Structure formats: C-alpha cells, structure tokens
Amino acid sequence: MEKRKLISRLKGYQNPSGEIMGETVHWADKIAEDLLRRGEKHRIATGITPSGHIHLGNLREMLTADAVRRAVEDRGGKAEIVYIADTFDPLRKRYPFLPEKYDKYIGMPLSEIPCPCGEHESYAEHFLEPFLESLDILGIDVEVKRADRMYKAGEYEEAIKTALEKKELIKNILEEVTGKKCDENWSPFMPLCENCKRLNTTKVIDFDESGVYYRCECGHEGKATYRGGGKLGWRVDWPARWGILGITCEPMGKDHAAAGGSYDTGKRLAKEVFGIEPPYPIPYEWIHLKGVGAMKSSKGIVVPVREMVEVLPPEIVRYIIIRAKPERHIDFDPASLLDLIDEFEEAYAKGDRSVRLSMVENVKYSDVPFRHLVVVGQIANWDVEKAIEIVKRTGYRVDEETLPDIKRRLEYARRWIEKFAPERLKFEVLGLEEVKKVQFSGEELEFLREFALRLKDGMKADELHNLVYDVANEVGLKPAKAFKAIYKAILGKTYGPRAGYFMESLGIEWVKKRFESLTA
RNA sequence: GGGCUCGUAGCUCAGCCAGGUAGAGCAGCGGCCUUUUAAGCCGCUGGUCGCGGGUUCAAAUCCCGUCGAGCCCGCCA
C-alpha cells in the first residue's frame, strides 16, 4: 500500500521519458516513442491530392508528419517523409473555381489535364508547385513522389498484377469490412481509356501478362499497360504503396480513420493481399476557418498555404498546427493571430516543446515582439533602416546576431499588416501638410503646445504617458480628449497605439517638432 | 445503422494513456498610477471536471450507461 502511494506520487513529478517535472509529454514525442518501440528507422507517408488549392487543413498532414519525424530523430531514431502527390487521380468534378470548359476533363487524371493558368506542365503541377515551395519555406524536408510518374515508371506493376490475381479476395475483404456490395463489374484496377483519356468510364474485361483488356463507355475497346495504362482504385492503391515505398507510419484525415474507412480496409489488404504490416496510423482532425467551417478546396473556403507563408513567419504557421494534438479540431481565426504570436513568443522564452518543434532551422529568434515590429514598421513607413533605428532606440538588442531575424520578421509584419491585419491596427504617420488640414479645437492646440514644451529628451514611455495626464489636467482638458489630439496630430485619426509607447517609438524630438509646427 | 473525436473557469485549452482530490493563457475586477486608449508588473474573482452509476482507501483520470456538440463511413483520400 505504501509503495503504491509513493509510486503514484512520483508519477506526478516525473514521467518515463525523463521530461522536466510537471511538463506534459508532447503528442509528437509520445508517437515517436511508440514508433521507436517498433523499430528505429521509419518512413512516414503523406499524401495530398493537388485537385485544388492546397490549404492549411491539408498542411496538417505534412506538419504532423514533420513533428513526428523530428521527435523520432531527437530520440536517436531515423525518419524520413515521403510525399505522394496523387497526380494520377481523376478530376472528380468541375470545381467552382474552374471555367466551364473543364467539364470535358472530368474523369481524366490530373497529370493529363491542361494547367488552368497555362504556366505549368499540367493541372496537377499548377497546384502542386506552389505547395512544394511552401514546404520548402516551412522547412519540411520530403521526398516527393508523383503518382502518375510512379505508375508510368512501372513501380506499381507488381502490385497491380497481384491485385488483379487476388481480385476475389480483395472484393471479399472490402465487402466484409465496409458492409457494402461491390459492383459486379468491380475491379481493383481502373484502366485509362486510350481514346477519351478517362479513368472512371472503363470496365475491365480480362488481363494477362502483357496488359489489361477493357471496354470504355465512349465505345473504345483496348488494352492497358501496367505502366501508366491505368491506376488502382484508392482503397487498393493505398496499401499497395505502403508496400512499394516501405511505409511505417502515416498521418491521415479522420475520414480514412473512420470504421469501415480506407484504413480499415487497407490494414487487411496489406496483410492478406500484399503480405506487409500496415503503417502506424495518426488520425487527425480538420481545420476550420473561424465562423466559416471546414476548409474545403471544392467549396473555395480555403487559406492557400502559399498565401499563408507569404504573410506569416514559417515558425508561426508550424506552431498553429503543432501546438494542437492531431485529434483536436483547430478553429483558425486570422483575426486573433497577434495573440497567437504573443503566445508563441512567450512560449519560446520558456523553451516550450511545441515551439521547439516549430522552429525552422537557422532561425535565431530575436526578442523583439512581433507586435512591436508591426507598430515600428508603420512608423517607419516600412523603411528598414529607419525601423531598425527605432527598434534600437526602444531598447532592444540590435547586433549581428539579432539583426537578420529582426529584418526577417519586419518584412513579415509588413505583409501581415497589408493582407491580414484588422483595420484598427493600421495607421500611417501623416506628413505635416496633411495634418494641417485636420480640424483642431482651441483647447486641443493649447494642450499640444504645452505638451511640446514639457517634452524632454530621453523620456520613457511611461513618463510620456503620465505627462499626457499632467498636461491635460493643467490645461483643463479631459485626458481622453488629450489622447485624441495626439493621435490626430500624428495620424489624423482619433485612436492609435498606446500613446506613451507610441511617442517614444516616434522619437521625442520628432513629436516635439510636429506639435510645435502645428501650434505655431 | 456503424464509428471517431470532443464536453474541465465567461472564452481557448492543459491535465486523463501509467488514479492521489484541478491548472494555464485570455477576458473581468483591483492595485502600482487623479489613467478605457494596441505597455508592463502584482494581486483577486471565477470550475458539483456534461450527467448517472460502478471499481477503489482515493476517480477529471479506469469501467458501464446516458445526454449534448462536431464529424466521418456513399470505392468524390
């Protein structure tokens, strides 16, 4: 009894992985431990179909894999990520973002359809390329496999033959697990019609060592090769690729993970048809857009990844996903990004595990808050040298070590302000001529004049803040009005950043001159 | 019909796997400071852990049931 008590007490303070007391084990570390118990080398598969803009929700698959990869490596194991781009999938329907002429491509493999903008090799590449660029920016190192090339190169050949030979077994497993009857013409293989180039309109008649005989709805009859002449249906394709690529772990959307879903069938097909062990599954939840719903390429409700990495530092994009356990919904709210970044920066200072898993290599994070950069940048009108001056003046360390990161995040701050920031946070320091057009009352001018007189070099934010109240009281102006006068004199608006802090950032001398010129 | 995930403070969540009697951030309130202004620090308020049973010396945690929310399973990953 005593012993048990002691043991359970201890558990509260230390867990088996030796993490610091009280700290929760990160989900990626937990999974890494499971994986390492099975073996020390891992190949993690990811797969996203480039049928439309690849968005934040899709990115979860990649980042889940990447966090696990890092966790495995942190523990001395080896892991790599393979990204299979399903470029050989047929176009399911004409999505809302496609012109009408794309109707005729429905059923054709994405890799064989012309690019919507004309600048890429194919439809698939049009969406794939920006995504691959994003992966690079996010520091996600992957081996890219394009499904159409895998098929064309014959990597699937053996698996296709196995599937055709064991068609009845596969059919039985599918029917048993899903509880649904397969069509009587069902085949694990979908030939690509040579005539109309469609995958979903052909029926398999027979097959031999040299190919698969089929008949298409378009009237064409022909023979498909095992090398790019068609593809396996998804539920068979998946376990087949596990074997071909030696996959040991794979994150998957919850649709696959559902009972009777493709992981359930894949698991049995892997063992009973292909004779391999299915990978360790990591089911993950969807990412919703706050107030809008699940991100769906097909509905056009997306934040394309490429757009996000333009505007947000990669470590922040990673953090959004890595901080949440895979099985939890993420309600992404662009409006509260600044709060999230605050949280990130605070967690960074504490050495938080999610943050460490989010940092992209070679980034030395400086201690200038992103929030500050947003204000500083706007004051400097995004002149980098000027902005750096202000950062320095406001008390942050600027040297060889911190400078690259300050510049880097200043640039993100600029883009964020331009694209994502709420209006309330935007401002522009007006030129004197413009400010002179703004209407001021007599008492406002009196306040500004007196305030300018009382300004002294080297005053700090809180002193400036206090001075507003002091002077306002002396000239008999309500503090609220005094603040408005200050903002009007600088921004032409009645609100702005915290006044003391703001004026310190602008520089006392500048503020003094501005107020004097206005009241002269 | 089958299944998954979630339900803990006003909000977002941690803690559950390996039971020891509840934590964080934000919000709110108060103070530093005669102070709503996009700071900071300190403090405070705030939870019958959805509900009901069971196991146990002990349950947010394990088991059974139940309610609520979201979602997945139609070879549209």
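Quick caveat: nothing in here was measured; it's all calculated off a predicted structure. Labels below follow one simple rule: chain letters A, B, ... track the order of the sequence lines, proteins then strands, and each chain is numbered from 1.
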Mind checking the [atom1] distance from [N] to [M]? Whole angstroms is fine.
{"N": "B:U5", "M": "B:C62", "atom1": "P", "value": "12 Å"}
{"N": "B:G65", "M": "B:G3", "atom1": "P", "value": "11 Å"}
{"N": "B:G7", "M": "B:U61", "atom1": "C1'", "value": "15 Å"}
{"N": "B:A60", "M": "B:C49", "atom1": "P", "value": "7 Å"}
{"N": "B:C6", "M": "B:G50", "atom1": "P", "value": "12 Å"}
{"N": "B:G19", "M": "B:U35", "atom1": "C1'", "value": "50 Å"}
{"N": "B:A24", "M": "B:G46", "atom1": "C1'", "value": "14 Å"}
{"N": "B:G15", "M": "B:A59", "atom1": "C1'", "value": "14 Å"}

Base, sugar-phosphate or nothing for [X]? Non-hydrogen atoms, less than 4.0 Å.
{"X": "A:E343", "value": "nothing"}
{"X": "A:N466", "value": "base"}
{"X": "A:G179", "value": "nothing"}
{"X": "A:A324", "value": "nothing"}
{"X": "A:S262", "value": "nothing"}
{"X": "A:W238", "value": "nothing"}
{"X": "A:S505", "value": "nothing"}
{"X": "A:Y469", "value": "base"}
{"X": "A:G47", "value": "nothing"}
{"X": "A:Y495", "value": "nothing"}
{"X": "A:D86", "value": "base"}

Within a strict 4.5 Å, meaning less than it, do heavy atoms of the A:V82 and A:V142 side chains meet?
no
Just wondering, do A:F88 and A:L192 contact through their side chains at under 4.5 Å, heavy atoms?
yes
Might you confirm whether atom NZ of A:K493 has over 12 heavy atoms from other residues, nucleotides or ligands at distances under 6.0 Å?
yes
Please check: side-chain N/O of [X] versus main-chain N/O of [Y], any donor-acceptor pairing under 3.5 Å?
{"X": "A:R353", "Y": "A:V25", "value": "no"}
{"X": "A:S187", "Y": "A:F189", "value": "yes"}
{"X": "A:H26", "Y": "A:A28", "value": "yes"}

[N] - base-pair partner by Watson-Crick or wobble geometry, distances under 3.5 Å:
{"N": "B:G30", "answer": "B:C42"}
{"N": "B:C62", "answer": "B:G54"}
{"N": "B:C11", "answer": "B:G25"}

Quick one: is [X] getting a side-chain N or O under 4.0 Å of the [N] phosphate, OP1 or OP2?
{"X": "A:R235", "N": "B:G74", "result": "yes"}
{"X": "A:Y284", "N": "B:C71", "result": "no"}
{"X": "A:R328", "N": "B:G7", "result": "yes"}
{"X": "A:K180", "N": "B:G74", "result": "yes"}

Tell me the interatomic distance from [X], atom [atom1], to [N], atom [atom2], rounded to whole angstroms.
{"X": "A:I173", "N": "B:C75", "atom1": "CD1", "atom2": "P", "value": "18 Å"}
{"X": "A:F427", "N": "B:A38", "atom1": "CZ", "atom2": "P", "value": "12 Å"}
{"X": "A:I486", "N": "B:U37", "atom1": "CD1", "atom2": "P", "value": "13 Å"}
{"X": "A:L340", "N": "B:C13", "atom1": "CG", "atom2": "C1'", "value": "13 Å"}
{"X": "A:D352", "N": "B:A14", "atom1": "CG", "atom2": "C1'", "value": "11 Å"}
{"X": "A:L232", "N": "B:C75", "atom1": "CG", "atom2": "P", "value": "17 Å"}
{"X": "A:F483", "N": "B:U35", "atom1": "CZ", "atom2": "P", "value": "11 Å"}
{"X": "A:E463", "N": "B:C32", "atom1": "CD", "atom2": "C1'", "value": "16 Å"}

Using the side-chain heavy atoms of [X], tell me which of these nucleotides is nearest: [options].
{"X": "A:N473", "options": "B:C71, B:U34, B:A39", "value": "B:U34"}
{"X": "A:D255", "options": "B:A38, B:C72, B:C76", "value": "B:C72"}
{"X": "A:W286", "options": "B:U5, B:C71, B:U37", "value": "B:C71"}
{"X": "A:A480", "options": "B:U37, B:A38, B:C6", "value": "B:U37"}
{"X": "A:K325", "options": "B:C73, B:A38, B:G15", "value": "B:G15"}
{"X": "A:R371", "options": "B:C72, B:A39, B:U37", "value": "B:A39"}

Assign each of A:P497 and A:H256 to its nearest nucleotide of RNA chain B by heavy atoms, then name whichever residue's nucleotide is nearer the 5' end.
A:P497
Heavy-atom nearest nucleotide on RNA chain B taken for A:A258 and for A:R323; more 5' hit belongs to A:R323
Would you please test A:H372 and A:Y501 for ring-ring contact (aromatic ring centres under 6.0 Å, His included) and show each step?
CA-CA 10 Å; A:H372 186 48; A:Y501 153 78; 5.3 Å; yes
hbond_proxy A:H329 side chain to B:U5 base (donor-acceptor, 3.5 Å cutoff)
no
Quick one: does A:R498 reach the base of B:A38 with a side-chain donor-acceptor pair under 3.5 Å?
no
Can you confirm if the NZ or CZ of A:R415 lies within 45° of the ring axis of A:Y412 and under 6.0 Å from the centre of its six-membered ring?
yes
Please test A:R235 against A:S262 for side-chain hydrogen bond (donor to acceptor under 3.5 Å, both in side chains), starting from the C-alpha separation and ending with a verdict.
CA-CA 6 Å; A:R235 290 179 101 113; A:S262 49; 5.5 Å; no
